[in-house]
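Each remark here refers to the structure printed beneath this line.
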There are 2 protein chains.
Amino acid sequence: MKIGQRRSKQRELILEELRGVTSHPTADELYEMVRKRMPNISLGTVYRNLELLASHGVILKIETGGKNRFDGNSKIHPHLRCTNCGKVEDLDIEVKTEPVDEEKSRGFSITGCNIEYLGLCPDCINLMQDKQTVH
Amino acid sequence: MKIGQRRSKQRELILEELRGVTSHPTADELYEMVRKRMPNISLGTVYRNLELLASHGVILKIETGGKNRFDGNSKIHPHLRCTNCGKVEDLDIEVKTEPVDEEKSRGFSITGCNIEYLGLCPDCINLMQDKQTVH
DNA sequence: TTCCGTGCAAACCCTTTGCACCTTT
DNA sequence: AAAGGTGCAAAGGGTTTGCACGGAA
């Protein structure tokens with residue numbers, strides 16, 4: 001599939017780094033990762049390419065209310081998200097959804113689906129316990 | 001259930017307005033709604049109370065990457081969200097998920113679940129068609 | 001009277017964008 | 001040579017927050 005009209009080293013590196021990791025990084029985390037191989041890349045370029053890749057369905061943008069995160073695996077799959085630190089992990093369960101027929105979709109043309117479980121990750125659970133025992 | 005330590009007219013009005021509507025309003029839309037009945041309320045107060053109500057599970061916060069939206073119905077249910085204008089509607093389908101056992105939850109303590117279908121709403125589909133026929 | 005909740009406005013922070021330059025085609 | 005992509009930094013926009021005041025208990 002064609003992304004943009006010209007290839008760019010920056011875009012290739014960003015996609016490569018994102019695919020090489022399972023951590024669902026934020027734009028600035030990805031920026032730091034790519035910077036190790038291309039020190040002059042700018043944060044704006046990272047944002048522009050992530051947006052471009054996501055809009056073409058090559059990657060997945062995980063919108064969170066805080067910093068958005070990105071997933072190199074664009075196949076629909078459920079996530080686990082920490083409401084405290086924002087960390088996102090893949091969740092290996094099966095989710096069966098009734099097909100959304102025309103009547104139920106209310107005229108929307110559906111292009112994607114997000115399924116996420118929210119909660120506290122182990123690290124944040126520990127942090128909160130520490131806080132409480134301080135008294 | 002007890003929200004905060006004292007009741008406030010502002011909080012009651014916000015909850016009342018949100019519950020009286022099925023449109024999943026943003027914080028500033030809710031601000032305008034409440035302002036008709038209490039002109040001196042501030043946007044900051046609306047944000048503070050929405051956050052408080054959501055954290056107590058009284059309402060639902062729909063995080064979108066753009067403006068967040070709120071739902072007076074806190075029961076878990078799927079949504080339809082327009083990726084262009086941000087509009088959110090309820091989606092009346094059934095979603096069956098395999099229970100998330102301890103092994104699969106990776107140590108997370110799960111407190112909620114978001115299920116949303118993404119796409120273009122009828123209005124935005126029309127807007128895009130208009131754009132294209134302009135040539 | 002106490003002190004939580006509010007109004008106001010400034011600060012914050014993530015993300016987007018304008019512009020001149022560089023790179024791909 | 002043409003024009004898309006980038007680097008840089010400033011602007012943008014939603015949300016949060018500090019502070020003094022007002023109101024619930």
Side-chain angles (χ1 to χ4, degrees), chain A residues 1-18 24-56 58-59 61-70 81 83-88, chain B residues 2-18 24-56 58-70 81 83-88:
Chain A
M1 188 208 249
K2 195 183 175 188
I3 316 297
Q5 7 247 275
R6 297 179 185 174
R7 59 183 286 285
S8 85
K9 192 66 188 164
Q10 287 85 341
R11 180 149 61 238
E12 284 167 3
L13 280 183
I14 291 167
L15 185 54
E16 204 174 301
E17 287 293 327
L18 180 55
H24 310 85
T26 60
D28 57 294
E29 284 168 352
L30 222 20
Y31 170 56
E32 291 304 333
M33 289 159 64
V34 177
R35 215 136 74 105
K36 290 183 181 139
R37 297 170 63 185
M38 181 183 273
N40 288 324
I41 195 172
S42 76
L43 182 56
T45 293
V46 174
Y47 272 104
R48 271 186 290 238
N49 280 300
L50 288 173
E51 200 55 45
L52 188 66
L53 290 165
S55 73
H56 284 251
V58 178
I59 65 174
K61 181 179 181 180
I62 305 170
E63 296 171 320
T64 67
K67 299 186 189 180
N68 294 324
R69 289 172 174 268
F70 297 88
R81 174 159 65 87
T83 50
N84 188 243
C85 70
K87 185 190 303 168
V88 170
Chain B
K2 195 183 177 189
I3 316 298
Q5 9 246 283
R6 297 178 186 174
R7 60 182 284 284
S8 87
K9 191 67 187 164
Q10 286 86 341
R11 181 153 52 234
E12 283 166 2
L13 279 182
I14 291 167
L15 185 54
E16 203 174 302
E17 286 295 325
L18 180 56
H24 310 84
T26 59
D28 56 294
E29 284 167 353
L30 223 19
Y31 170 57
E32 291 304 333
M33 290 159 64
V34 176
R35 214 137 74 105
K36 290 184 180 136
R37 297 169 64 186
M38 182 183 272
N40 288 323
I41 194 173
S42 76
L43 183 55
T45 293
V46 174
Y47 271 104
R48 273 187 288 238
N49 279 301
L50 288 173
E51 200 55 46
L52 188 65
L53 290 165
S55 73
H56 285 251
V58 179
I59 66 174
L60 212 67
K61 181 178 183 180
I62 305 170
E63 295 171 320
T64 67
K67 300 186 190 182
N68 294 325
R69 288 172 176 269
F70 296 88
R81 175 159 63 87
T83 51
N84 189 242
C85 70
K87 185 189 303 167
V88 170

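Letters go in sequence order (proteins before strands), and every chain restarts at 1.
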In degrees, rounded to 10°, what is the bend between the two ends of the helix from C:dT1-D:dA25 to C:dT25-D:dA1, using five pairs at each?
-> 40°
Nearest atoms (heavy-atom pairs only) where [X] meets [Y]:
X     : Y     : value
B:G65 : B:N68 : N-OD1, 4.5 Å
B:L43 : B:A27 : CD1-O, 4.2 Å
B:T26 : B:D28 : OG1-OD1, 3.0 Å
B:R81 : B:G86 : CG-O, 4.2 Å
B:Y31 : B:I41 : CE1-O, 3.4 Å

Using the test side chain to side chain donor-acceptor pair (under 3.5 Å), find all partners of A:E17 that sit at least two apart in sequence or belong to another chain.
-> A:R37
Those residues that, when tested against A:S42, pass side chain to side chain donor-acceptor pair (under 3.5 Å) (two or more places apart) | A:T45
A:G65 near the nucleic acid: base, sugar-phosphate alone, or nothing, with a heavy-atom cut-off under 4.0 Å?
-> nothing
Heavy atoms under 4.0 Å, any strand shown: does A:N40 hit a base, just sugar-phosphate, or nothing?
-> sugar-phosphate
Mapping B:I41 and A:N68 onto DNA chain C by nearest heavy atom, which one lands closer to the 5' end?
-> B:I41
Which is the 5'-most and which the 3'-most nucleotide of DNA chain D that has an atom under 4.0 Å from a heavy atom of chain A?
-> D:dA2 to D:dC8
Taking it one step at a time, do A:E29 and A:R69 satisfy side-chain contact (heavy atoms from CB on, under 4.5 Å)?
-> CA-CA 9 Å; A:E29 284 168 352; A:R69 289 172 174 268; 3.9 Å; yes
Does anything in residues 5-16 of chain A reach DNA chain C, meaning a heavy atom under 4.0 Å, and if so which residues?
-> A:R6, A:R7
Near DNA chain C, which residues from residues 45-55 of chain B have a heavy atom under 4.0 Å away?
-> B:T45, B:R48, B:N49
Using whole Å, what does the distance between atom [atom2] of nucleotide [N] and atom [atom1] of [X] come to?
X     : N      : atom1 : atom2 : value
B:L43 : C:dT6  : CG    : P     : 13 Å
A:L30 : C:dC14 : CG    : P     : 15 Å
B:K2  : C:dC4  : NZ    : P     : 11 Å

Less than 4.0 Å between a side-chain N and a carboxylate O, is that true for B:R35 and B:E32?
-> yes
How far apart are the C-alpha atoms of B:E51 and B:K61, what are their side-chain angles, what is the distance that settles it, and do they pass the side-chain contact (heavy atoms from CB on, under 4.5 Å) test?
-> CA-CA 8 Å; B:E51 200 55 46; B:K61 181 178 183 180; 3.0 Å; yes
Atom OG in B:S55, atom CD1 in B:I3: separation rounded to 0.5 Å?
-> 7.5 Å
Can you tell which of B:L53, B:L50, B:V46 makes a side chain to side chain contact (heavy atoms under 4.5 Å, CB included) with B:R11?
-> B:L53
Where the side chain of B:H24 meets the backbone of B:V88, is there a donor-acceptor pair that is under 3.5 Å apart?
-> yes
